[in-house]
There are 2 protein chains.
Amino acid sequence: MSTHRQLHLNAFLLGAGHHSAAWRRPDSPAEQLGDISYWERLARTAERGFFDAVFFADGHSTGDVASGPRWFLEPLTALSAMARATERIGLVCTISTTFFTPFHAARMLASLDHISGGRAGWNVVTSMFDAEARNHGLEAMPARQQRYARAEEFVQVTQQLWDSWADDAVLVDRAGLYADPARVRPVHHHGEHFQVDGPLTVPRPPQGRPVLFQAGASGPGRDLAARYAEAIYAVAYDLTAGRDYYADVKARITAAGRNPEAVAVMPGLVTYVGSTEQEARAQRAAVDALLPTAQSLAQLSTFIQQDCSGWELDAPVPPLPPLERFGGPQGRYATILRIIDVERPTVRQLLGRLAAGGGHCTMVGTPESIADRIEHWFRSGAADGFNLMPPTLPDALDDFVDHVVPELQRRGLFRTDYTAHSLRGHLGLPRPARGAPA
Amino acid sequence: MSTHRQLHLNAFLLGAGHHSAAWRRPDSPAEQLGDISYWERLARTAERGFFDAVFFADGHSTGDVASGPRWFLEPLTALSAMARATERIGLVCTISTTFFTPFHAARMLASLDHISGGRAGWNVVTSMFDAEARNHGLEAMPARQQRYARAEEFVQVTQQLWDSWADDAVLVDRAGLYADPARVRPVHHHGEHFQVDGPLTVPRPPQGRPVLFQAGASGPGRDLAARYAEAIYAVAYDLTAGRDYYADVKARITAAGRNPEAVAVMPGLVTYVGSTEQEARAQRAAVDALLPTAQSLAQLSTFIQQDCSGWELDAPVPPLPPLERFGGPQGRYATILRIIDVERPTVRQLLGRLAAGGGHCTMVGTPESIADRIEHWFRSGAADGFNLMPPTLPDALDDFVDHVVPELQRRGLFRTDYTAHSLRGHLGLPRPARGAPA
């Protein structure tokens, strides 16, 4: 790693932007979401800003198709194409350990790593929704502990598969061996969830192993991150929540016997950048004004797993069950509880807060004031970087790259050019030796 | 379809070429097999020759890594990248119905179809080897009948998933609905092998459904092809075998209530093109001479599922069990029996015959003499086109594109420019209406 600590930035690309009304803007790219050249342009913008990676989420159910675009292109195919439109930026692909199997995931990620010349990352998720499970032969999502047990075994097998070929296994000795069979070993995994013989069909990836991202918010999720993640996508509504999460997960990494400084914690960050504070606030208000309240209440119902379609918009948010009695995904729910606790919002105010990024940290202001806050998070133990969630695309990404990145560079917080060719290199991570512990 | 019957040509891209010694040539691209730009160059060559498609095989086990490259990049990721290096040529991806599930396959193929602007094809296979099964949680390959029963249900569910969004479901009404929920329907499939609720996360592909290729050789394989295939990759050692297969499979298509003229039968074709017959034969002899006999005997052992490592090279091939007593993949075995029957070869001669394309039709000669034979197959009920299997890459593909394609064009047998933008268009296939029978 560089001796001088630097910020890490991912560009989390989603639909027409993370704000749920982004697609409703007159000039939104909502018609282009199935057009790969749209995604390539976004990736090139992030690369122009020297971001560590673009980050693709994924889900296996359509959700409410009326209220806005949710998914379109499948991430592995989309990122493989985007690899060819870019040269240096990392490509982080979400793959669910509940719906995939290790051989498929290892093979496709290894292939993406070869295609991109060492720029693949894997965001490990265990998925959330019963509607997703029903597309994969399950009646409902397995319980959290089961999902994480499967995820851990999945990650272990995947890493063994990436290590099944030695780095020097392919000899191309034209008078002799193409590859040395002694350097290509089976995996012979017989576990609780998977039986995989190996070896992989793909020689060892350029990075050794694609970089492992994780976004655990629950206890089991944080523990999985502590044991395996090489970078962490976090949810932190404010600096207090950011510091709490950061301290907790770094302690867990230490407890797992790993170096906490090597694992970048990157909270999601929604930004509205203006040349004045007023202009930035006006940008936000303009897209907030496009928000249909019925749709937002439906989204809130999903987040809190109860029907709030009848809630009165200008009344205070009704009391919600405490975190420990909530059976759904913990991260966002904890944030909602925190927003209610800190801001005592009306229902309408809560909807506005959640419309972009669903309660992730939001910074609205000038390049300087946003850089101030980023620097403060970075220097006060709340973040090693951010997973930027542009509320509107492409403009909010353009604004960040064109105005905030130069300000961060002026402060010596962010690279002024790429210094590495792999995603591992951008993150300061060593290339894992074959057979090294995760 | 064009009123004037035209040849169809796919370029089946594999390793350093289909000849198992191709990688041993001094100038072979054996070091570049993980480099996507190698595959992009090949795809552009095929596109320069106005081929219908590039065709990617797939397998889920490494095989004997010593004897040569078998697999490297995973096909869905590779073809997604190659889509961006080409504009018109189809991209046919092999996906195993034994190792994938319908939701994953439908989603990735739909995404590839969007990324490529309507150029995706799916070569449906049921896979072969126990070593592959052991990478996917199975102890051994299921029996053929079971595999084909699963394959049929798999294809049906996949087509339902592609049809789950109406072509006009995405409205992008900025003041109203992103998509019309009434035009996005679930699948609610509860079958013997799969439970899939749907709808797909990807709106309907540009082609409606990616084009379905199949290569069944066994009875169940031919029946699956008859019911579902929109183009067929065949194995035919000689004109007699080609005519027999063609007549049989076209009759099965008719019996299945479909139009046999709409389904192109495309045997594999290995070509050595020279400016003289002698030069072409010398090309073949040069690569044959690089063949290690031990490796070839091992490959033969795989094909006939018995150990022939001790066979005497210059003795006649020992008697083999008849086709009906053979438990492995039928197509190649039938070809081996036919080579033995027609040529009465020594073991060494049989190895030479199998080294390139494993007993597919081989044409060695000048552009004119090869075009003569192609035309003869085409006009005498043996082929609607060919799946070209260049024995050596990139040169044998270059030779075909630069010398044989112009000769076919002079004869009015092959297009002189693309007339369509989709793979369906190249093959003269209509775009299936939503809900149309397969």
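These numbers come from a predicted model, not from an experiment. Side-chain atoms are counted along with the backbone in the values below, which use heavy atoms only and exclude waters and symmetry mates. Below, chain A is the first sequence line, B the second, and so on; all start at residue 1.
- Open room surrounds CE on A:M128; 12 or fewer heavy atoms of other groups in view lie less than 6.0 Å from it.
- Put simply, the side chain of B:W162 gets close to the backbone of B:A106: a donor and an acceptor are under 3.5 Å apart.
- Donor-acceptor pairing under 3.5 Å is lacking for the side chains of A:H189 and A:Q156.
- If you measure heavy-atom distances from B:L200 to chain A, the contacts under 4.5 Å come from the backbone alone.
- With a threshold of 4.5 angstrom between heavy atoms, B:W165 approaches chain A through side-chain atoms but not through N, CA, C or O.
- The minimum heavy-atom distance linking A:R70 with A:L14 is given by the pair O-CD1, 4.3 Å.
- Among the residues in residues 86-94 of chain A, none has a non-hydrogen atom closer than 4.5 angstrom to a non-hydrogen atom of chain B.
- Contacts with chain A were tallied for B:H114, B:Q195, B:R107; B:R107 has the most, counting heavy-atom pairs under 4.5 Å.
- Scanning residues 71-84 of chain B against chain A with a 4.5 Å non-hydrogen threshold yields B:W71, B:F72, B:L73, B:E74, B:P75, B:L76, B:T77, B:A78, B:S80, B:A81, B:R84, sorted by number.
- Contacts of A:E40 with chain B are made by side-chain atoms alone, with heavy-atom separations under 4.5 Å and no backbone atom involved.
- Proximity to chain B (any heavy atom under 4.5 Å) is shown, for A:S37, by both the backbone and the side chain.
- Checked against salt bridge (charged side-chain N to carboxylate O under 4.0 Å, His left out), B:R44 has no partners two or more places apart in sequence or in another chain.
- Looking at A:D58, the atoms closer than 4.5 Å to chain B (heavy atoms on both sides) all sit in the side chain, from C-beta outward.
- Only the backbone of B:A175 comes within contact range of chain A, with at least one heavy atom under 4.5 Å from a heavy atom of that chain.
- When heavy atoms are compared at a cutoff of 4.5 Å, B:T201 approaches chain A by way of both its backbone and its side chain.
- Contact of B:V172 with chain A is made through backbone and side chain together, with heavy-atom distances under 4.5 Å.
- For A:H60, the parts sitting under 4.5 Å from any heavy atom of chain B are the backbone and the side chain alike.
- With no hydrogens or angles considered, a side-chain donor-acceptor pair links B:R41 and B:Q32 at under 3.5 Å.
- Among the residues in residues 23-31 of chain B, those with a non-hydrogen atom closer than 4.5 angstrom to a non-hydrogen atom of chain A are B:W23, B:R24, B:R25, B:P26, B:S28, B:A30, B:E31.
- Close placement of the A:H136 and B:H104 rings is indicated, their centers lying within 6.0 Å of each other.
- With a 4.5 Å cut-off on non-hydrogen atoms, B:D173 touches chain A through its backbone but not through its side chain.
- Both the backbone and the side chain of A:V202 come within contact range of chain B, with heavy atoms under 4.5 Å apart.
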